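First up is the structure itself, then whatever we jot down about it.
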Amino acid sequence: MKIVDLVRRCGLAAATVLVLVATTVPPVTAAQNGGPAAQLDYVAAPGCPTAADFEAVVAGRLGYSPFRPKVSERVVIRIESSGPALEGRLEWRNAEGGWVGERTFPSRSHDCGQLVRAMGFALALQIQLMTATSVPSGAPPAAAPPTVDQTATAAAVSPRAGAVPVSPPADDAQEAPALGADSRPSIAVGASASAGVGLSPGMAVLGRVFATVAWSRVGVELSAEMSTPLALDRPDGSGFSERLLFVGLGGCGSRTWLSACLLAKAGQIRVVGTGVDFPATSSGLLFQTGLRLAASKGLGSHAYVSARADGLVLLTRGIVTLDAMPVWVMPHIAALVGIDIGVRFR
């Protein structure tokens, strides 16, 4: 009986130890196997690095890749043209596809490689913070993702087993804040050609030079414009030649590759009569206002091209007379279409 009692007691003790071990050993989480995991949904403008390049940036910072093809949560990366510059957007999506948080990365240039590195660095720091604070796999914070500065500070102050320290070079560490929060404007100059109706008796052809100062969403444009001479001959042998000169000011707003501008122009019409009794050169003032719509596409890291359409209202009336007889009256409405080519310095 004593031997049986001893066996029973040993068995009970062993069972108790097994129960305690089973209840105290934590389950293996994604964080312990390399941190939170998510699908990568990556779409970028033409000429930008690929999804594999972006994944390599993140993996290089973390020491592993957090992206898995069969995970329900998603990290959405979008990089689009914003006028002559680029804009990046990073979103977290939960298992149901609902929005959880996002951050935008407006860039002052068209260097997509630099923007991808900044976004990858910011995402790696966020994942490191989630790992260090034991956030479950793929579940981002309920609030919008923290800024790079906040994640870098938290990761440095709260290291934990399983989290891979990130110690980027000084220039890379400053890269994301510079793109995301830099309030300095960018400057561009360019030239364009356009054709329009309502400015002369026939189709007017104009050349233009311009300079713009732009922030993330808004910009200001100064321009100077001149038309080629256009001649009108009458059956009786008389006629005139017309040339237009304008200076303009525009206030513009942009979203991705589209922009709209409010325009104001002041200029001069110069007319030279031919085959008349008293040849003379005369001029008159013109004032116009209107709206411009434009679509832009980047050409490399600094250059861009834009297609535009202007609708203009003439605030002053232009009337051309020959021998005291009006031969052409400028209409109140004019329209222009043109192509701009510009270079952005930063």
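Predicted model, so just to flag it, every value in this text is computed and none were measured.
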Would you name the heavy atoms of Ala38 and Val75 that are closest together and state the gap between them?
CB-CG2, 3.9 Å
To the closest 0.5 Å, what do you measure between CZ (Arg89) and CD (Glu80)?
6.0 Å
In chain order, what residues pass the side chain to side chain contact (heavy atoms under 4.5 Å, CB included) check against Cys112, with sequence neighbours excluded?
Cys48, Pro49, Ile79, Leu86, Val116
Does the side chain of Phe210 reach to within under 4.5 Å of the side chain of Val189, using non-hydrogen atoms?
no
Nearest heavy-atom neighbours spanning Ser296 and Ser306
OG-OG, 2.6 Å
With a 4.5 Å cut-off on side-chain heavy-atom distances among I, L, V, M, F, W and Y, is there a chain of contacts connecting Val57 to Met119?
no
For Leu299, the side chain to side chain contact (heavy atoms under 4.5 Å, CB included) test, sequence neighbours excluded, returns Ala303, Val305
Can you measure from OG (Ser223) to CG (Leu249) and round to the nearest 0.5 angstrom?
8.0 Å
Over-ring placement of Arg103 relative to Phe105, 6.0 Å and 45° cut-offs
yes
Considering only heavy atoms from C-beta outward, does the side chain of Trp257 approach that of Lys297 to under 4.5 Å?
no
Drop me the distance from Thr289's OG1 to Leu262's CG, to the nearest 0.5 angstrom.
7.0 Å
Could you tell me whether a side-chain N or O of Arg74 sits under 3.5 Å from a main-chain N or O of Val71, the two making a donor and an acceptor?
no
Could you tell me which non-hydrogen atom of Met203 sits nearest to which non-hydrogen atom of Gly196, and how far apart they are?
SD-O, 3.3 Å
Enter the distance from Tyr42:OH to Ile77:CD1 here, rounded to the nearest 0.5 Å.
8.0 Å
When you compare the side chain of Leu336 with that of Leu199, does any pair of heavy atoms fall below 4.5 Å?
yes
Hey, is Arg93 close enough to Glu91 for a salt bridge, meaning N to O under 4.0 Å?
yes
Distance check, rounded to the nearest 0.5 Å: Ile333 atom CD1 versus Leu312 atom CG?
10.0 Å
The reported gap from CG in Asn94 to CD in Glu73 (rounded to nearest 0.5 angstrom) is 7.5 Å
If you compare all heavy atoms of Ala51 against all heavy atoms of Leu40, which two are closest, and at what distance to 0.1 Å?
O-CD2, 3.9 Å
Would you say Arg308 and Ser192 make side-chain contact, with heavy atoms under 4.5 Å?
yes
Between Thr316 (side chain) and Phe287 (backbone), is there a donor-acceptor pair under 3.5 Å?
yes
Quick one: closest heavy-atom pair of Pro69 and Gln39, and the distance?
O-CD, 3.4 Å
Does Leu314 share a hydrophobic cluster with Val271, counting links as ILVMFWY side-chain heavy atoms below 4.5 Å and allowing steps through other members?
yes
May I ask you to test the Glu242-Ile269 pair for a side-chain heavy-atom distance under 4.5 Å?
yes
In terms of hydrophobic clusters joined by side-chain contacts under 4.5 Å, are Met330 and Phe246 together?
yes
Salt bridge (Lys or Arg N to Asp or Glu O under 4.0 Å) partners of residues 204-220, not counting sequence neighbours, each pair once:
Glu87-Arg217, Arg208-Glu221, Arg208-Asp340
Between Ala295 and Leu258, the two heavy atoms sitting closest are CB-CD2, 4.1 Å
